[in-house]
A.B. asks: 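Below you'll find the structure I mean.
Each chain gets a letter, A, B and so on, in the order the sequences are listed, and its residues count up from 1.
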2 protein chains.
Amino acid sequence: MNVLITAGGTSEKIDDVRKISNTATGRLGSLIADCFLTDESVSVTCLCSENAVLPKKPRARILRISDVQSLQRTVEEEMHARAYDAVIHSMAVSDYRVKYSAPSEWLAAQLAKSVGNGSQNPESLAAQIHSALLSCGGGDRPKKISSDIENVFLCLEKTPKIIGLFKKLQPQTILVGFKLLAGVEETELLDAARNLMKRNECDFVLANDQEKIDENRHEAILLGKDHSMTRLHTKDEIAAAIKEHVMRKAKEGGQK
Amino acid sequence: MNVLITAGGTSEKIDDVRKISNTATGRLGSLIADCFLTDESVSVTCLCSENAVLPKKPRARILRISDVQSLQRTVEEEMHARAYDAVIHSMAVSDYRVKYSAPSEWLAAQLAKSVGNGSQNPESLAAQIHSALLSCGGGDRPKKISSDIENVFLCLEKTPKIIGLFKKLQPQTILVGFKLLAGVEETELLDAARNLMKRNECDFVLANDQEKIDENRHEAILLGKDHSMTRLHTKDEIAAAIKEHVMRKAKEGGQK
């Protein structure tokens with residue numbers, strides 16, 4: 001049985017020394033990998049971000065990625081090269097990357113030019129400013145934004161959704177998605193997790209809330225496509241439950 | 001002899017799961033600490049960011065910080081609590097923190113309101129837009145920016161300069177500053193390093209360029225207030241040179 005586990009968090013460059021990253025450490029992904037690796041019949045490939053915690057067991061194959069673009073390329077290569085029985089997509093993938101950065105004064109001057117002259121109704125003015133906001137900042141990213149500038153604006157744009165790739169490339173694979181929100185009601189979290197499941201044909205989704213994760217605790221709910229719900233309280237419990245559910249489903253489906 | 005070493009890189013929250021960080025790992029700071037720790041008479045306190053590499057030698061006192069605010073607080077507390085003969089400020093401190101974040105459409109609507117009606121000359125219009133750009137976005141930071149938004153703007157503002165604190169709090173301390181630029185001519189780098197030295201009364205500044213740093217190489221120039229210039233090629237060389245120069249200066253100054 002071949003299992004692909006993504007772990008850690010991608011980061012996106014602002015310039016040559018600054019980046020947008022997230023709080024993911026890869027610890028949960030490494031525990032999930034170690035759980036699967038206790039089983040001699042399972043081969044594990046870990047797609048890890050640069051500083052992610054690695055599995056303790058040596059048998060895992062480790063591939064490193066940095067940003068969403070390198071993640072996408074590596075997923076495509078991997079899923080063309082071999083068949084995966086399961087994909088555990090625990091990596092926190094940046095939703096946004098930097099479209100451009102600009103000093104506030106330069107941005108204001110560009111917007112003033114675009115507004116031009118003559119009076120307009122407020123709605124068309126807002127639309128005009130919006131279009132200018134998004135089309136500003138052509139040209140190359142600076143190597144390092146000078147720290148002499150008082151205020152800098154970063155325009156962020158959405159990155160492509162990686163989770164959608166897995167079933168597209170290998171419809172037979174068992175897919176586990178992850179939904180992390182921060183400080184929301186459980187019903188909102190579960191709705192978001194079920195949306196993720198539906199949109200990306202996940203077989204399972206782990207729903208968790210940043211505010212219920214700390215050094216010793218990791219509250220989560222593992223949702224199944226069959227409407228099963230398993231409450232879990234630590235990273236070790238989560239890792240064990242994911243392995244168990246995936247292995248059972250693989251057996252049911254006749255995967256070896 | 002008491003030495004304070006800052007190492008790693010600060011990060012600034014965008015929301016509860018995203019942050020702006022930098023490429024610093026704390027590896028150079030940990031090597032500098034280990035160099036000083038070979039000397040039994042030296043006590044080392046390391047102010048480290050959350051994921052910074054720690055010194056190998058166990059004798060260092062480790063204090064953890066996350067963002068610029070926690071760094072500032074800890075530096076002030078430390079320098080009130082004890083006299084430091086030297087401060088090696090190798091930490092990459094975020095120049096910017098997030099003033100506010102806003103969906104592009106919301107920002108455009110705010111700006112359209114502020115521009116109001118009637119025609120204006122382009123300069124006063126730009127000034128008006130600039131002031132609106134900076135004053136938008138009152139209210140609390142969202143716990144997690146929804147990834148449904150197509151484009152998000154981050155308004156960044158400068159953080160307080162930490163390097164200025166050391167000599168202000170302890171004028172007698174020997175201060176080593178660090179200047180990192182990316183892909184510039186050496187003369188520009190040296191000018192920037194000398195400016196840093198002058199502005200913050202550094203005794204030494206290590207000037208280095210991101211593009212001349214990789215796994216096995218770390219090109220740098222150690223500048224002294226006495227106009228000395230020492231070229232260094234690896235992290236180990238840098239750590240040894242900083243220790244040697246600081247110890248010599250401490251002896252000259254009669255520090256024990």
A.B. asks: Only pairs at least two apart or in different chains count here, so list each ring pair (Phe, Tyr, Trp, His ring centres under 6.0 Å) that has a residue in residues 182-204 of chain A.
C.D. replies: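 Listed once each, the pairs are A:Phe204-A:His245.
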
A.B. asks: Write down the atom of A:Leu125, the atom of B:Ala112, and the distance for their closest heavy-atom approach.
C.D. replies: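 Looking at all heavy atoms of both residues, the shortest contact is CD2-O, 3.6 Å.
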
A.B. asks: So does B:Glu105 have more than 12 non-hydrogen atoms from other groups sitting under 6.0 Å from CD?
C.D. replies: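 Incorrect, the count does not exceed 12.
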
A.B. asks: For atom CD of A:Gln69, is the number of surrounding heavy atoms from other residues, nucleotides or ligands below 6.0 Å larger than 12?
C.D. replies: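 No - once you tally the heavy atoms of other residues, nucleotides and ligands closer than 6.0 Å, there are 12 at most.
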
A.B. asks: Does A:Lys235 have any side chain to side chain donor-acceptor pair (under 3.5 Å) partners at least two apart in sequence or in another chain, and if so, which?
C.D. replies: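 A:Lys235 satisfies side chain to side chain donor-acceptor pair (under 3.5 Å) with A:His218 only.
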
A.B. asks: Which atoms of B:Glu211 come close to chain A, meaning under 4.5 Å heavy atom to heavy atom: side chain ones, backbone ones, both, or neither?
C.D. replies: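 For B:Glu211, the contact with chain A is made by the side chain alone.
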
A.B. asks: Give me the atom names and distance for the closest heavy-atom approach of A:Ser104 to B:Leu133.
C.D. replies: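 Nearest heavy atoms, A:Ser104 then B:Leu133: O-CD1, 3.9 Å.
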
A.B. asks: Heavy-atom pairs under 4.5 Å with chain A are the metric here; pick the option from B:Val17, B:Asp95, B:Ile20, B:Thr23 that has the most.
C.D. replies: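 Sorted descending by pairs with chain A, the first entry is B:Val17.
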
A.B. asks: Enter the distance from B:Lys113:NZ to A:Ile129:CD1 here, rounded to the nearest 0.5 Å.
C.D. replies: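 The distance works out to 11.5 Å.
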
A.B. asks: Which members of residues 150-161 of chain B, sorted by number, sit under 4.5 angstrom from chain A on a heavy-atom basis?
C.D. replies: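 Residues of residues 150-161 of chain B touching chain A at under 4.5 Å: B:Glu150, B:Asn151, B:Val152, B:Phe153, B:Leu154, B:Cys155, B:Leu156, B:Glu157, B:Lys158, B:Lys161.
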
A.B. asks: How far does CG of A:Asn22 sit from NZ of B:Lys19, to the nearest 0.5 angstrom?
C.D. replies: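 One gets 7.5 Å once the value is rounded to the nearest 0.5 Å.
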
A.B. asks: Roughly how far, to the nearest 0.5 Å, is the NE2 atom of B:His130 from the CG atom of A:Leu107?
C.D. replies: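 Reported value, rounded in 0.5 Å steps: 8.5 Å.
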
A.B. asks: Looking at A:Val184, A:Leu181, A:Asp148, which has the largest count of heavy-atom pairs under 4.5 Å with chain B?
C.D. replies: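 Ranked by contacts with chain B, first place is A:Asp148.
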
A.B. asks: Please find the pair of heavy atoms, one from A:Ala126 and one from B:Ala109, that lie closest to each other, and give the distance.
C.D. replies: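 Heavy atoms of A:Ala126 and B:Ala109 come nearest at CB-CA, 4.1 Å.
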
A.B. asks: Could you list the residues that satisfy ring pair (Phe, Tyr, Trp, His ring centres under 6.0 Å) with A:Tyr96, not counting sequence neighbours?
C.D. replies: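 Per chain and number, A:Tyr96 pairs via ring pair (Phe, Tyr, Trp, His ring centres under 6.0 Å) with no residue.
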
A.B. asks: Can you name the closest pair of heavy atoms from B:Leu111 and A:Leu111 and give their distance?
C.D. replies: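 Residues B:Leu111 and A:Leu111, closest heavy atoms: CD1-CD1, 3.8 Å.
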
